[in-house]
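One structure is given below, encoded as structure tokens.
Only this structure's heavy atoms are used, side chains among them; waters, hydrogens and symmetry mates stay out. The structure displayed is predicted, hence computed values, not measured ones.
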Amino acid sequence: MRKVLVFFLMLFASTTYVCAQSLNEYKYVVIQHQEDSKKDIEQLMSKEFPLLGFVLLTEDEAAKLGETETNLVLRAEYLCRQSVQCLFKLKLINSNGDIVYEDEQVAAAGFMSYKNDRQSAIKKIFKELKKQNYHYSPGEDK
């Protein structure tokens, strides 16, 4: 029983390592526009991704990339729900539909405005993303 448990722990640890390393294989980010989204969300994300080292593209620019460069694109999908708390969830998805990075943060100050809550949650997400030490390094298979 111990051997099985140790095997699963090692498997989980190696999977986490692989996921953390795979972020560096991507160069571009496209923020998925949402019609019902608040304007400040996409503006803040548009400022934060380049600070991490990603090249930010519009959906039109990404569509014009060649096949090789299309494999270097991550699509940033987000969800922002507000009630008593502000929940912000970010997923970075590659061209195959695989989730490369995912995080969610909650900001709830109660006395702050919804806009400040959203911005606080987004900043928490990017603070965690910064801990991944992103630096684009093309893989041999790309």
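Atom CG of Leu57 sits about 10.5 Å away from atom CG of Leu72, to the nearest 0.5 Å. Once rounded to the nearest 0.5 Å, the distance linking NZ of Lys64 with OG1 of Thr70 reads 13.5 Å. Note: Thr58 OG1 to Ile31 CD1 = 10.5 Å, rounded to the nearest 0.5 Å. Between Leu79 atom CG and Leu90 atom CG the span is 10.5 Å, to the nearest 0.5 Å. Atom CG of Leu52 is separated from atom NE2 of His135 by 13.5 Å, given to the nearest 0.5 angstrom. Atoms CD and CG, on Glu104 and Leu87 in that order, are 5.0 Å from each other to the nearest 0.5 Å.
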Could you walk me through whether Asp40 and Ile122 pass side-chain contact (heavy atoms from CB on, under 4.5 Å), step by step?
CA-CA 10 Å; Asp40 64 305; Ile122 293 168; 5.6 Å; no
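Between Asp103 and Lys89, none of the side-chain N atoms (NZ, or NE/NH1/NH2) sits under 4.0 Å from a carboxylate O, so this pair counts as no salt bridge. For Glu128 and Lys131, the salt-bridge test passes: some basic side-chain N is under 4.0 Å from an acidic carboxylate O.
Checking side-chain atoms of Lys124 against main-chain N and O of Val106 turns up a donor-acceptor pair under 3.5 Å. Judged by distance alone, with hydrogens and angles left aside, the side-chain atoms of Asn94 form a donor-acceptor pair with the main-chain N or O of Asn96 at under 3.5 Å. Of the possible donor and acceptor atoms, none in the side chain of Asn24 sits under 3.5 Å from a partner among the backbone N and O of Ser137.
Every residue two or more places apart in sequence or in another chain that forms a side-chain contact (heavy atoms from CB on, under 4.5 Å) with Ile93 is listed here: Arg75, Glu77, Lys91, Ile99. Tyr28 is linked by a ring pair (Phe, Tyr, Trp, His ring centres under 6.0 Å) to nothing, counting only residues two or more places apart in sequence or in another chain.
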Side-chain polar contacts of residues 42-49 - donor-acceptor pairs under 3.5 angstrom, sequence neighbours left out - could you list them?
| unit_1 | atom_1 | unit_2 | atom_2 | d |
| --- | --- | --- | --- | --- |
| Glu42 | OE1 | His33 | ND1 | 3.1 |
| Glu42 | OE2 | His33 | ND1 | 3.1 |
| Glu42 | OE2 | Gln34 | N | 3.3 |
| Glu42 | OE2 | Tyr78 | OH | 2.7 |
| Ser46 | OG | Glu42 | O | 2.7 |

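Of the candidates Tyr136, Tyr134, Tyr26, Tyr101, Phe54 forms a ring-ring contact (aromatic ring centres under 6.0 Å, His included) with just one, namely Tyr134.
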